[in-house]
Amino acid sequence: MMPFETILTKSLGLKAPIIAAPLGRGSSAHFLASVSRAGGFGFVALMHMPEDTVASELSAISRATNGRFGVNLTLIVDQRKRLEAALAAGVRHFSMWHGDVAEYIPAIKKAGGQVFWTIGSVEDARRARQLGVDWIVAQGREAGGHLVGSAPIMSLLPAIVDAADGLPVIAAGGIADGRGLLAALSLGACGIWMGTRFVASQESANHPGYKDKVVGATAADLVETKLFDSGWQDSPHRVIRNSTYENWIKSGQPANGRRPGEADVISRFPNGKPLLRYDVAAPWATMEGEWEAGPLYAGASTQLVHQILPVDDILAGIVDQAERELARVSRLHKAS
Ligand SMILES: Cc1cc2nc3c(=O)[nH]c(=O)nc-3n(C[C@H](O)[C@H](O)[C@H](O)COP(=O)(O)O)c2cc1C
């Protein structure tokens, strides 16, 4: 038997109970294929993917991963067409958050799919089973990216496990190493869901400068803000402080519409569309222009990320460290 076999590893056929969170444009086919080959499982965000390209993008990812990946839908906009395209492309694992998940579940269930719901409260955990959710993703407030967590993962996770009525719970936020995996399993989770750690992987398609920032940042370099709101208003997110944030602070934190450089075009999307200073898009590998000015999403786990590693080494290192730590704790227990 492999170490740390859980309902998650059994259900998805994983070597380790480790999921790669959606990373914006960082979740390329190459990245997702590396995660799948290493024995993990990754999700790609369809958030702003043009509806007419969803089918072709997903079929490329499906070829690269042998169909072993899932998609993520942020429900602040109507995602029914993207869901339909993903189902038609054969996707059966759907992660959702921010919005009314109930509307989307019947179509997924009808196709025999599974629903991962990212939540941040005990109240949502109580509703999950009745809604038809298969997996709860409990996100702690220390997470990187957009936030739903109402408390840090250490207290939120066991509270959600208690309220989940037996549904399996995956832990997200603040986890980047084997100690985090072991802690999450000890607190009742069946696996971990990491974003920040995978941004700083060799294969992710995030901008290399952004990866270096994740490696260099401590918790003191992070901030929770609603600043990067073009495309997603009024939604708190955790980022590494950058020039856009510092200039906004220096100018007295003016409201949306009066912020410094509001109309600045800091780069262009691959389709030529202008990328504005306060856009939600995190800097991607081939981005030109002022990549540093965009949202550098990262969580408190940055302080555990010291190197940009291949995905394979990240997964193997986490499992090794968790085994060593388990042995250490077990010795403590026996010695008492
Ligand atoms: C670059 C980046 C982009 C993210 N984009 C999404 C997204 O589109 N949808 C989503 O459900 N979560 C997204 N998240 C949040 C993750 O799913 C996860 O909750 C978070 O990364 C966990 O905290 P950690 O960064 O400490 O591992 C993103 C996180 C990062 C770092």
Side-chain angles (χ1 to χ4, degrees), residues 4 6-9 11-12 17-22 41 43 45 47 70 72-76 79 93-106 108-109 113-176 179-197 219 222-226 232 234-238 297-301:
F4 309 119
T6 70
I7 186 171
L8 183 68
T9 61
S11 171
L12 297 185
I18 301 176
I19 304 258
F41 192 90
F43 282 83
M47 169 84 171
N72 170 260
L73 300 167
T74 296
L75 306 179
I76 57 160
Q79 296 284 17
H93 296 89
F94 291 88
S95 138
M96 294 182 282
W97 73 338
H98 284 276
D100 185 10
V101 78
E103 253 189 72
Y104 294 82
I105 292 180
I108 297 171
K109 291 277 147 174
Q114 298 194 27
V115 174
F116 295 68
W117 188 28
T118 298
I119 62 169
S121 71
V122 165
E123 291 71 30
D124 279 346
R126 287 202 191 101
R127 299 198 298 134
R129 183 179 285 284
Q130 213 185 343
L131 287 170
V133 168
D134 300 288
W135 307 88
I136 289 176
V137 180
Q139 191 207 46
R141 194 70 185 185
E142 63 272 67
H146 285 79
L147 303 169
V148 290
S150 56
I153 199 69
M154 187 85 168
S155 58
L156 184 67
L157 176 57
I160 283 184
V161 168
D162 286 346
D165 192 19
L167 275 188
V169 180
I170 304 166
I175 303 168
R179 292 167 294 186
L181 170 60
L182 190 59
L185 295 176
S186 306
L187 295 172
C190 63
I192 55 174
W193 175 289
M194 300 189 300
T196 302
R197 173 61 274 192
L222 303 174
V223 65
E224 182 181 323
T225 180
K226 292 182 180 173
W232 191 347
D234 201 25
S235 184
H237 41 272
R238 192 170 312 288
Y297 298 119
S301 55

Asks: For residues G180 and I192, report the shortest heavy-atom separation together with the two atoms involved.
Replies: O-CG2, 4.4 Å
Asks: Search all heavy atoms of L131 against all heavy atoms of I105 and return the closest pair with its distance.
Replies: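 Nearest heavy atoms, L131 then I105: O-CD1, 3.4 Å.
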Asks: Report the residue from H93, K109, R129 that forms a side chain to side chain donor-acceptor pair (under 3.5 Å) with D134.
Replies: K109
Asks: Checking side chain to side chain contact (heavy atoms under 4.5 Å, CB included) for the pair T74/W97: CA distance, chi angles, key distance, verdict?
Replies: CA-CA 5 Å; T74 296; W97 73 338; 2.8 Å; yes
Asks: With no hydrogens and no angle check, is any side-chain donor or acceptor of Q139 less than 3.5 Å from a backbone partner on G173?
Replies: no
Asks: Considering all heavy atoms of both residues, which atom of S11 and which atom of Q114 are nearest to each other, and what is their separation?
Replies: OG-NE2, 3.9 Å
Asks: Minimum heavy-atom separation for A184 to I175, with atom names?
Replies: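 Closest approach of A184 to I175, heavy atoms only: CB-CD1, 4.3 Å.
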Asks: Show your working on side chain to side chain contact (heavy atoms under 4.5 Å, CB included) between M194 and I19 and close with a plain yes or no.
Replies: CA-CA 6 Å; M194 300 189 300; I19 304 258; over 6 Å; no
Asks: Is V148 close to H98 at the side-chain level, that is, under 4.5 Å between some pair of heavy atoms?
Replies: yes
Asks: Between C190 and I7, what is the shortest heavy-atom contact and its length?
Replies: CB-CG2, 3.8 Å
Asks: When the ring planes of Y297 and H146 are compared, do they come out parallel, tilted or perpendicular, using 30° and 60° as the limits?
Replies: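 The arrangement is tilted - the two ring planes meet at 30° to 60°.
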Asks: If we ignore hydrogens and angles and just use 3.5 Å, is the side chain of R141 paired with the main-chain N or O of P152 as donor and acceptor?
Replies: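 Flag not set: sc R141 to bb P152 has no pair under 3.5 Å.
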